[in-house]
Amino acid sequence: MIIARVIGNVWATRKEESLRGLKFLVVQPVVMKYTETGEVYLEGRGDTMVVGDRIGAGETEIVMIASGSSARQSLPDTHIPVDAMVVGIIDKETFESGCGV
Amino acid sequence: MIIARVIGNVWATRKEESLRGLKFLVVQPVVMKYTETGEVYLEGRGDTMVVGDRIGAGETEIVMIASGSSARQSLPDTHIPVDAMVVGIIDKETFESGCGV
Amino acid sequence: MIIARVIGNVWATRKEESLRGLKFLVVQPVVMKYTETGEVYLEGRGDTMVVGDRIGAGETEIVMIASGSSARQSLPDTHIPVDAMVVGIIDKETFESGCGV
Amino acid sequence: MIIARVIGNVWATRKEESLRGLKFLVVQPVVMKYTETGEVYLEGRGDTMVVGDRIGAGETEIVMIASGSSARQSLPDTHIPVDAMVVGIIDKETFESGCGV
Amino acid sequence: MIIARVIGNVWATRKEESLRGLKFLVVQPVVMKYTETGEVYLEGRGDTMVVGDRIGAGETEIVMIASGSSARQSLPDTHIPVDAMVVGIIDKETFESGCGV
């Protein structure tokens, strides 16, 4: 999975019927970096992308994104044409302590 | 999903029978960028690609594209050999206000 | 989908039984570019790849390629371990007029 | 598959219900390199990523990761929205001798 | 499909039960290049990767690799968490004559 920061929204009035009601976010992928003392920080990497969201991620939150057919497994109907979905919101504590190093 | 600008068409007379009737577009992927004041603009990124379209996107419109097996979920028959489909047309308002920042 | 120019063949005597009878081509991916006056031309991009072909594409022809599980949908048996297939041959007219711009 | 070094953990309290109980690791992809004398060493490559783990990989261990729909095949329920899973822990011996060259 | 040269082996004692008995190779992807006189040669490209092998490819042999869910189609049980498999061994003749140009 990749992690990314929520930075905006996208609206599409004309779309596949099965996409109605699904919220689309613009996200900026980020990578986790570790300082020599074990602290974690985030760095933007690559281009913005559009992802579906059913969890209710807010702007500036850091989300975990599943891509491809795996993204669809988070939907009640797995035949919806979506290839990237928010599947979790990363806890802030992940980045505040030097946890995990 | 990625977003892209429609820039042309592709014709293939000889093709898989199951592709008959499906329209193919040439699109230029774009990324959303935000100015310091929160306005949204688009920037071309990467190479042109070919995508199927059943929604009726016109040239210069900005579309949302699903890739991989997810693209096929937008078709009545999911056994059609297509790996990228237009699934929505982005509303112009998305880029005109500084929405989403 | 990507488009590519057929540049050669690959032979594999030892292979998965289910691949017997399938022809493999070497192709050079290309991208479509547009001149200011709207004419279309092709430019090679990225590395050569190997794709299956059941349509009968000849050398120098420009083909449309489906990748991933979508490639397998073009086969009578979708359990064949192939991840890229020719699904169409692009009409020459696509590149000769300034169509689509 | 890619191989990667385990470097940390990620926590997400708000997430898809089906992800509860699954551990998420931060890993740094690595590539295997061979010296002229046939010894193997590892070199970090590309950005950190987040993967699920059911095997119990510890920090600094080198793991093998399956991506896409293949990742889900390692789960009891293949409808979980995860696109990268640890599927094995590479034996240290792989890197200590000049094996495999 | 990509083609690659077999350069080594990987061992993992702790792994998903379903992977037991499957051999894992380290391969260096290569691309086919053509000289002006039509002869074919290979050039290494990109990073080493790990692939499953049931065909019995030996070191230095050039193999064809299927990725993603297509890789699993070469296995008796398609629910094995593997995302890249050797599906053929390229005949040496492919590279010795200027075939295919």
- Note on the structure: Nearest heavy-atom approach of C:Val31 to B:Asp47 is CG1-CB, 3.3 Å
- Among the listed options C:Lys33, C:Glu43, C:Glu61, C:Arg54, the residue most often paired with chain B at heavy-atom distances under 4.5 Å: C:Glu61
- Message: So which residue, C:Ser70, C:Ala71, C:Ala57, ends up with the most heavy-atom pairs under 4.5 Å with chain B?
- Response: C:Ser70
- Could you state the interatomic distance from NE2 (B:His79) to OG (C:Ser69), rounded to the nearest 0.5 Å? 10.5 Å
- Note on the structure: Counting heavy-atom pairs under 4.5 angstrom with chain C, the leader among B:Leu19, B:Val82, B:Thr78, B:Val51 is B:Val82
- What part of B:Arg72 is in contact with chain C, defined as an atom under 4.5 angstrom from a non-hydrogen atom: side chain, backbone, both or neither? side chain
- Message: Looking at every heavy atom in both C:Ile3 and B:Val50, which two are closest together, and how far apart are they?
- Response: CG2-CG2, 3.8 Å
- Message: Let me confirm one number: the CD-CG distance from C:Gln73 to B:Asp77, rounded to the nearest 0.5 Å.
- Response: 8.5 Å
- Item | Main-chain N/O of B:Thr13 paired with C:Asp91 side-chain donor or acceptor, under 3.5 Å | yes
- Working to the nearest 0.5 Å, report the span between CE of C:Met32 and CD1 of B:Ile7. 7.5 Å
- Rounded to the nearest 0.5 Å, what's the gap from CD1 on C:Ile55 to CD on B:Glu16? Could you check? 4.5 Å
- C:Ile62 versus chain B, heavy atoms under 4.5 Å apart: side chain, backbone, both or neither? neither
- Message: As an exercise, state the distance from CZ of B:Phe24 to CE of C:Met64, rounded to the nearest 0.5 Å.
- Response: 3.5 Å
- The reported gap from CZ in C:Arg45 to OG1 in B:Thr48 (rounded to nearest 0.5 angstrom) is 8.0 Å
